[in-house]
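Along the sequence shown, residues are numbered consecutively beginning with 1. Fair warning: this is a prediction, and the values are worked out from it, not measured in the lab. Reckoned from all heavy atoms, side chains included, excluding hydrogens, waters and symmetry mates.
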Amino acid sequence: MTESAHGLTTGAVARRLGVAPTTLRSWDRRYGIGPAAREDGRHRRWTPEDVAVLHEMCRLTSSGIPPAEAARAALAGPAPALPTPPAPPAEGEPLPRPARRPGSGNGLPLGAVRQECRGLGRAAVRLDAWAVDDMLASVIAQYGLVTAWEEVMAPTLHAVGRKWETSGDRYVEVEHLLSWHVSSALRRAAGPPPSGSRAGVPPVLLACVPGEQHTLALEALAAGLAEQGLPTLMFGPAVPPEALDQAVRRTGPAAVVLWSQARSTANPPLARHVADTVWGVRGARARPAVLPAGPGWAGQSFAPGTLRPGGLRDALALLRGLCDAVAAGQS
């Protein structure tokens, strides 16, 4: 790291904070958050006091506070206490709707979203892994897994994906970092697999259809089922048809969730084949309920009785009902 007796260079500070040098120059120009001294009247040199102000600026913008407001607070002195977070909503109740601001954080096409989305998006764009992890843990702890996924994680992931699609090869690293940390947060929220709480209940089998690589929505569902003590088998991305067939026959699941993110991967014949799979002794054969989940299935036709969940909350309610019905039939 480049450092002189007069302080750090802009590049060194940018590397230390995980922000772009252009961001620091923009903050200096727009909000007056700049170095107190400039070597030879031109080169910026940041003192420890200057860097402390920048740290506070990063902390505040990561929490979702707009840059102009964050700059005023950072320049005012010691970090002000952030507002006390609202009490968690009751079970099944969505987050209270705060005032929304149009626009986006750090160029992401977020639209009218919650403040937590803006903070998460800014931290992801800065590649600030610590802040991303901290914010994900915070929203899950405050609002619960389902609301955190539906109203914070998923909108931010979609915005990053749209930014990548419209920016050539840029922002790929942002999507990869955010996806990894969301996946890690979901697995921490799920905890260890349930043992014995629903003894005798067949598992719920979760799989992406062949050609489908997007697993995060299934990971959120697996975490939600684990919270309810329901056994799951997660097979992940692009499960070959033969492997899926063998898994269903070997495990006799209560339900099979088939995820398709894009229409190009939706596979109605596979869904019908899984729904027609039977096992057990003659006279007492069973077959799984099949839930085609994800936007890729939109517009597809299914056999009567096929369950199409509208989102994570709906999928959890449907699967809980199916597992309860199976348990009641076995008792």
Side-chain angles (χ1 to χ4, degrees), residues 14-15 17-23 58 61-64 67 103-140 145-190 206-224 234-239 259-266 293-298 311-312:
R15 289 191 295 273
L17 298 178
V19 300
T22 53
T23 298
C58 291
T61 56
S62 292
S63 70
S104 62
N106 274 313
L108 294 180
L110 282 164
V113 295
R114 300 190 178 283
Q115 179 169 293
E116 290 90 346
C117 293
R118 299 187 184 286
L120 185 59
R122 291 187 181 106
V125 169
R126 288 203 318 273
L127 301 182
D128 188 340
W130 181 90
V132 168
D133 239 12
D134 187 59
M135 278 182 277
L136 289 171
S138 176
V139 294
I140 292 173
L145 175 69
V146 175
T147 299
W149 168 257
E150 292 186 337
E151 302 193 25
V152 180
M153 298 183 205
T156 309
L157 286 162
H158 292 161
V160 170
R162 290 195 298 272
K163 188 69 174 179
W164 173 28
E165 291 171 358
T166 59
S167 303
D169 291 332
R170 297 181 60 204
Y171 293 94
V172 176
E173 72 282 4
V174 177
E175 182 177 50
H176 279 246
L177 178 116
L178 181 59
S179 297
W180 169 262
H181 285 278
V182 167
S183 177
S184 299
L186 291 171
R187 294 192 185 199
R188 285 194 299 268
L206 309 176
C208 289
V209 295
E212 182 57 69
Q213 298 291 333
H214 296 82
T215 64
L216 285 177
L218 275 188
E219 292 178 47
L221 179 55
M234 173 61 149
F235 286 89
V239 180
W259 180 264
S260 170
Q261 183 78 15
R263 291 191 179 188
S264 60
T265 64
W297 296 103
L312 178 57

message: Evaluate Thr147 against Glu151 for side-chain hydrogen bond (donor to acceptor under 3.5 Å, both in side chains), listing each step before the verdict.
response: CA-CA 6 Å; Thr147 299; Glu151 302 193 25; 4.9 Å; no
- request: Go through the steps to decide whether Asp133 and Arg188 satisfy the test side chain to side chain contact (heavy atoms under 4.5 Å, CB included), and finish with yes or no.
  value: CA-CA 11 Å; Asp133 239 12; Arg188 285 194 299 268; 3.3 Å; yes
- request: With side chain to side chain contact (heavy atoms under 4.5 Å, CB included) as the test, would you mind laying out the steps for Thr265 and Trp297 before giving the verdict?
  value: CA-CA 9 Å; Thr265 64; Trp297 296 103; over 6 Å; no
task: Decide yes or no on side chain to side chain contact (heavy atoms under 4.5 Å, CB included) for Leu221 and Leu312, but give the supporting numbers first.
output: CA-CA 6 Å; Leu221 179 55; Leu312 178 57; 3.9 Å; yes
- request: Evaluate side chain to side chain contact (heavy atoms under 4.5 Å, CB included) for Leu145 paired with Leu186, printing each intermediate quantity in order.
  value: CA-CA 8 Å; Leu145 175 69; Leu186 291 171; 3.5 Å; yes
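Judged by distance alone, the side chain of Trp180 and the main-chain N or O of His176 form no donor-acceptor pair under 3.5 Å. The backbone N or O of Val152 sits less than 3.5 Å from a side-chain atom of Thr156, completing a donor-acceptor pair. Side chain of Glu212 to backbone of Gln261: a donor-acceptor contact under 3.5 angstrom is found.
Looking at every heavy atom in both residues, Ala217 comes nearest to Trp149 through CA-CZ2, 3.7 Å. Between Ala185 and Leu136, the shortest heavy-atom contact is CB-CB, 3.9 Å.
The closest side-chain heavy-atom distance from Val132 to Leu178 is below 4.5 Å. With a 4.5 Å cut-off on side-chain heavy atoms, Cys208 and Leu218 count as touching.
Atom CH2 of Trp130 and atom CE of Met135 lie 8.5 Å apart (nearest 0.5 Å). Of the inter-residue distances, the one linking Leu177 atom CG with Arg126 atom CZ reads 11.5 Å to the nearest 0.5 angstrom. Rounding to the nearest 0.5 angstrom, the gap separating the SG atom in Cys117 from the CG atom in Leu157 is 10.0 Å. With rounding to the nearest 0.5 Å, the separation of CD in Glu219 from CZ in Arg187 is 5.0 Å.
In the displayed structure, Arg263 atom CZ is contacted under 6.0 Å by at most 12 heavy atoms of other residues, nucleotides or ligands.
If you check the side chains of Glu175 and Ser179, you find no donor sitting under 3.5 Å from an acceptor.
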